[in-house]
Amino acid sequence: FPMLKENVAFLISKLEKDMDGIYHMKPSLSPEYDEDLHKDANYGLMSLRWALETLLSMNKELNFNDSQRSTWQETLDHLVEYPTDEHGLRVNADQGFDKCHRHYSHLLAIYPYHILSPNQGAKEKDLIVRSVDRWQDIKGDDKAGYTYTGGCAMYATLGEGNKALKILDKLKNKLHSNTMYSEGGGPVIETPLSAVESINYMLIQSWDDTIRIFPAVPTRWKNISFRNFRTQGAFLVSASWNGSLIGDVTITSERGKTCSLLNPWKGVKAKIKDDRGLPVKAIKTGEVYS
């Protein structure tokens with residue numbers, strides 16, 4: 001919490017307010033895209049929005065009653081919208097995503113922040129699809145490890161398991177036999193670890209305070225199981241997948257928080273029991289059990 005406060009203080013210092021009371025990000029860089037400074041870089045705007053929402057959420061949940069909460073809320077309420085065009089999210093107010101680039105700095109709201117998500121509505125989902133497709137489809141030779149791991153995670157977020165795996169497959173011939181990765185320098189581990197996270201995203205996702213079990217399984221994968229994968233809220237989740245049949249779902253709460261689970265068996269009423277076999281009372285909202 002104190003670390004995030006310092007980050008937000010820095011980012012707020014880079015804002016300027018227009019005549020309509022809207023906060024804009026001062027000219028800044030989007031990593032590696034070019035060396036020129038541009039106003040309203042999505043990289044900065046998305047990071048600030050996520051940080052503000054997270055601070056306010058933590059402040060409320062943990063009853064910190066922080067003296068800066070009104071400043072955070074006022075900034076969040078008046079922060080400029082992300083720059084977009086017909087291709088989706090732009091790099092900044094001046095630049096569309098018009099040249100091939102390996103990183104997804106302008107797409108952080110989609111992943112890993114999830115402050116722009118497909119369950120927010122058709123408009124938001126369309127923006128995500130156009131933005132990710134543009135990033136993946138644009139021609140050029142600047143695609144590399146994170147292009148494939150990030151693309152996989154984003155398509156998995158959209159529930160597109162086959163598309164996610166197709167993108168991740170492109171990473172295979174770039175890995176060493178020991179699973180390390182090189183990109184113009186010595187072997188590194190962050191890209192392979194990102195690939196592991198992307199594989200996990202096809203098996204389980206935890207964002208927007210909701211657990212999603214097997215949200216994007218590719219048709220190539222027939223028998224899968226995972227055990228004690230950790231999610232938001234300090235839950236440990238295990239489950240199995242056998243020819244699209246989901247079973248062995250167990251959730252262990254380590255901190256006693258409310259657990260929200262998107263029904264893995266869509267349209268079928270789920271029965272929830274504790275470890276003694278006794279029914280657990282749950283509130284059902286749409287397809288989400290809490």
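Predicted model only: the values in this text are computed from it and were never measured.
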side-chain hydrogen bond (donor to acceptor under 3.5 Å, both in side chains) evaluation trace for Lys17 with Tyr23: CA-CA 4 Å; Lys17 186 180 281 190; Tyr23 288 108; 3.3 Å; yes
Mutual orientation of the aromatic rings belonging to His101 and Tyr33 [parallel < 30°, tilted 30-60°, perpendicular > 60°]: perpendicular
Test side-chain hydrogen bond (donor to acceptor under 3.5 Å, both in side chains) applied to Asn162 and Thr219, step by step: CA-CA 7 Å; Asn162 289 334; Thr219 54; 3.2 Å; yes
Phe214/Phe226 aromatic ring centres below 6.0 Å: yes
Distance-only donor-acceptor check, side chains Ser240 and Ser225, under 3.5 Å: no
CD1 on Ile211 to CD on Gln205, rounded to 0.5 Å: 12.0 Å
Lys266 NZ to Ile246 CD1 distance, which is reported to the nearest 0.5 Å: 12.5 Å
Hydrophobic cluster membership, Ile22 vs Trp72, 4.5 Å side-chain cutoff: yes
Aromatic plane relationship, Tyr104 with Tyr111 - under 30° parallel, 30 to 60° tilted, over 60° perpendicular: tilted
Ile115 to Met46 - nearest heavy-atom pair and separation: CD1-O, 3.6 Å
OG1 on Thr258 to CD1 on Ile283, rounded to 0.5 Å: 8.0 Å
Between Asp208 and Asn119: side-chain donor-acceptor atoms closer than 3.5 Å: yes
Evaluation steps, salt bridge (charged side-chain N to carboxylate O under 4.0 Å, His left out), between Arg90 and Glu81: CA-CA 11 Å; Arg90 294 170 66 85; Glu81 296 294 324; over 6 Å; no
Single-linkage hydrophobic cluster, 4.5 Å side-chain cutoff, Leu262 and Leu236 together: no
Steps toward salt bridge (charged side-chain N to carboxylate O under 4.0 Å, His left out) verdict (Lys257, Glu61): CA-CA 11 Å; Lys257 294 182 67 176; Glu61 179 180 349; 2.9 Å; yes
Gap separating the CD1 atom of Ile138 from the NZ atom of Lys99, nearest 0.5 angstrom: 10.0 Å
Modelled atom types, side-chain donor and acceptor of Tyr43 and Ser28, under 3.5 Å: no
cation_pi(Arg130, Trp135) dist<6.0 Å, angle<=45: no
Inter-residue atom distance Ile128.CD1 - Thr157.OG1, 0.5 Å rounding: 8.0 Å
Trace of the side-chain contact (heavy atoms from CB on, under 4.5 Å) decision for Arg134 with Asp98: CA-CA 9 Å; Arg134 175 68 169 179; Asp98 298 326; 3.3 Å; yes
Exam field: side chain Asn59 to backbone Asn65, donor-acceptor pair closer than 3.5 Å: yes
Parallel, tilted or perpendicular, as decided by the 30° and 60° cut-offs, for the rings of Phe1 and Phe64: tilted
Pairs involving residues 142-191, ordered by first then second residue, that meet ring-ring contact (aromatic ring centres under 6.0 Å, His included) (sequence neighbours left out): His103-Tyr146
side-chain hydrogen bond (donor to acceptor under 3.5 Å, both in side chains) between Ser260 and Ser290, intermediate numbers included: CA-CA 4 Å; Ser260 294; Ser290 298; 3.0 Å; yes
Chi angles and distances behind the salt bridge (charged side-chain N to carboxylate O under 4.0 Å, His left out) call for Arg69, Asp66: CA-CA 6 Å; Arg69 65 190 185 279; Asp66 195 283; over 6 Å; no
Value rounded to 0.5 Å, distance of OG in Ser105 from CG in Leu29: 10.5 Å
Ring centre gap for His106 and Phe97 strictly below 6.0 Å: yes
